[in-house]
Structures are given as C-alpha cells and as structure tokens.
Amino acid sequence: MKTNRLSAAITKALNAQMTNEAHNAQIYLSYASWASAEGYDGIANFLFRHENEERNHMMKILEYILKRGAKVEVTAIPHPGPDPTGVYDCFEKVFKSEVENTANIYRLVEMSMAEKDWATWNFMQWFVKEQTEEETLAIDLLDRIKIAGGAKATDSALYAFNRDLETKPDDAVLAQDVTVDKP
Ligand code: FEO
C-alpha cells in the first residue's frame with residue numbers, strides 16, 4: 001500500500017523550501033562573518049543565532065517530508081551574495097530576504113489549500129507565524145538604525161546598536177500577543 005501522503009507538487013515545493021531556508025541560513029552566516037570581521041561582535045552574535053534558526057527551519061521541513069512518507073531531495077545551496085556595504089545595508093538585506101521567504105511560505109500555504117492538504121496547511125501555519133516574527137524583528141532593527149541616521153549613522157550610534165544586539169531577544173512581540181496594559 002502506498003504510504004506517501006504528499007502530492008508530487010507539494011513534495012517538490014517543500015523540498016525547494018528546504019533549500020530556501022538553507023539559503024537564508026547561508027545569508028545570515030555570511031553577514032555574521034562580515035559583521036565580526038568589521039568589529040561588530042554583538043551584531044555578529046545576533047546574526048549567528050539567526051543562522052541557527054534558519055537551519056532549524058530547514059530541519060523542520062525535512063522531518064515533515066519524511067514523516068509524511070515522501071522523498072527528501074538535498075540540493076546545492078545558492079551563493080549568499082556580496083557582503084553588506086554597512087550596518088544599514090546589512091539589515092535592509094536581512095529584511096528583504098525575510099520578505100522573499102514569506103512570499104515562498106505563502107505560496108506553499110496557497111498550494112496546500114488548493115489541494116485540500118490540510119496537514120501541510122496546518123504545518124505551514126507555524127512558518128506563517130515565524131515569518132511574522134522575523135519581519136517584525138527586522139523592521140524594528142531597521143527603524144532603530146534609521147533613527148540613528150541610517151547609512152550615515154555615527155560610530156557611537158553603531159557602537160550602542162552593536163552592544164544592544166548582544167543581548168536582544170531572538171523573538172519579536174507580535175500584535176496578537178499585545179494587551180492594553182502591555183502594549
Ligand atoms: Fe526561515 Fe526567516 O526564514
């Protein structure tokens with residue numbers, strides 16, 4: 001009896017998403033290495049932690065494909081691209097790659113809905129929430145650099161930003177978790 005519970009199209013899309021998550025991990029790894037070499041150890045630490053998160057996302061999808069009885073295809077990971085030109089550019093690029101990843105996640109949600117594959121639809125909801133968190137975090141960081149002068153931020157503003165990122169929590173507070181007394 002056939003035990004594969006995923007369609008060929010969903011299997012292909014999930015495998016592609018594994019590569020997207022691995023690609024995002026490489027982007028964080030490359031930017032973290034850049035930040036460390038530039039002396040921004042707090043920023044590097046934050047980016048290294050996010051590299052790990054992206055690898056975990058990849059593993060979640062890999063496990064899901066296996067648990068649904070389908071075949072995992074591990075492929076080459078695209079190059080992360082050039083180093084950022086500065087801290088502002090770094091976080092603009094981080095935001096852009098998260099937005100692109102959200103579009104990929106939404107496509108999978110749409111596909112699973114069209115196929116009435118509710119197990120995959122349900123599995124993907126975790127990623128929808130995770131992407132909202134990651135975009136919120138990136139927007140928050142971009143706002144903070146913008147206030148400090150954006151691409152023209154002074155060394156002392158970047159020093160403070162770098163120090164803050166050392167201890168910044170990895171998860172953003174989402175709008176759905178906010179209350180009147182805890183805005
Ligand atoms: Fe797993 Fe931030 O994408």
Side-chain angles (χ1 to χ4, degrees), residues 6 10-36 40 42-68 70 72-84 87-113 117 119-145 161 164-177:
L6 297 178
I10 293 271
T11 304
K12 192 168 170 220
L14 284 169
N15 271 298
Q17 188 54 30
M18 261 178 56
T19 309
N20 289 338
E21 300 291 349
H23 179 54
N24 268 16
Q26 296 295 82
I27 290 173
Y28 277 110
L29 191 64
S30 137
Y31 293 2
S33 307
W34 166 83
S36 185
Y40 299 121
I43 295 173
N45 192 300
F46 173 87
L47 295 168
F48 278 129
R49 296 198 309 269
H50 277 267
E51 188 264 333
N52 241 344
E53 281 201 16
E54 299 299 345
R55 299 270 309 168
N56 282 335
H57 299 169
M58 181 198 71
M59 278 307 294
K60 272 187 199 298
I61 298 169
L62 186 148
E63 280 294 330
Y64 180 74
I65 298 170
L66 291 177
K67 284 185 194 301
R68 299 300 287 157
V72 166
E73 303 267 2
V74 175
T75 65
I77 306 168
H79 193 278
D83 280 347
V87 172
Y88 187 62
D89 183 51
C90 174
F91 284 94
E92 265 196 325
K93 287 190 160 113
V94 161
F95 178 61
K96 187 168 164 273
S97 75
E98 289 297 350
V99 170
E100 282 168 9
N101 202 41
T102 301
N104 294 328
I105 297 287
Y106 287 2
R107 253 193 302 277
L108 259 159
V109 173
E110 268 179 43
M111 279 179 78
S112 57
M113 191 153 179
D117 175 352
T120 300
W121 184 89
N122 182 250
F123 173 70
M124 291 312 298
Q125 296 312 303
W126 185 90
F127 286 87
V128 170
K129 184 163 183 246
E130 179 67 15
Q131 282 310 117
T132 314
E133 277 182 20
E134 298 204 326
E135 286 183 6
T136 304
L137 196 58
I139 291 168
D140 175 41
L141 293 175
L142 265 181
D143 281 349
R144 286 171 56 186
I145 310 170
F161 180 75
D164 287 353
L165 281 205
E166 193 94 48
T167 51
K168 178 150 181 77
D170 291 334
D171 299 315
V173 177
L174 293 184
Q176 51 264 52
D177 299 325

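Order of appearance sets the numbers: ligands from 1, and atoms from 1 within every ligand. In this text, all values refer to a predicted model and were calculated from it rather than measured experimentally.
Contact annotation: the side chain of Leu142 approaches that of Tyr88 to within less than 4.5 Å [non-hydrogen atoms, C-beta and beyond].
Panel detail: atom 1 (Fe) of ligand 1 has protein N, O or S atoms under 2.8 Å away, 3 in number.
Every pair passing salt bridge (charged side-chain N to carboxylate O under 4.0 Å, His left out) that includes a residue from residues 129-142 is listed here, sequence neighbours excluded: Asp140-Lys168. Identified under the salt bridge (charged side-chain N to carboxylate O under 4.0 Å, His left out) test for residues 87-96, with sequence neighbours left out: Asp89-Lys93, Lys96-Glu100.
With Asp83 as the fixed residue, the side-chain contact (heavy atoms from CB on, under 4.5 Å) test singles out one of Ser33, Ser30, Cys90: Ser30.
With sequence neighbours excluded, the residues satisfying ring pair (Phe, Tyr, Trp, His ring centres under 6.0 Å) with Tyr28 are His50.
The aromatic rings of Tyr64 and Phe123 sit parallel, their planes meeting at an angle under 30°, below the 60° perpendicular limit.
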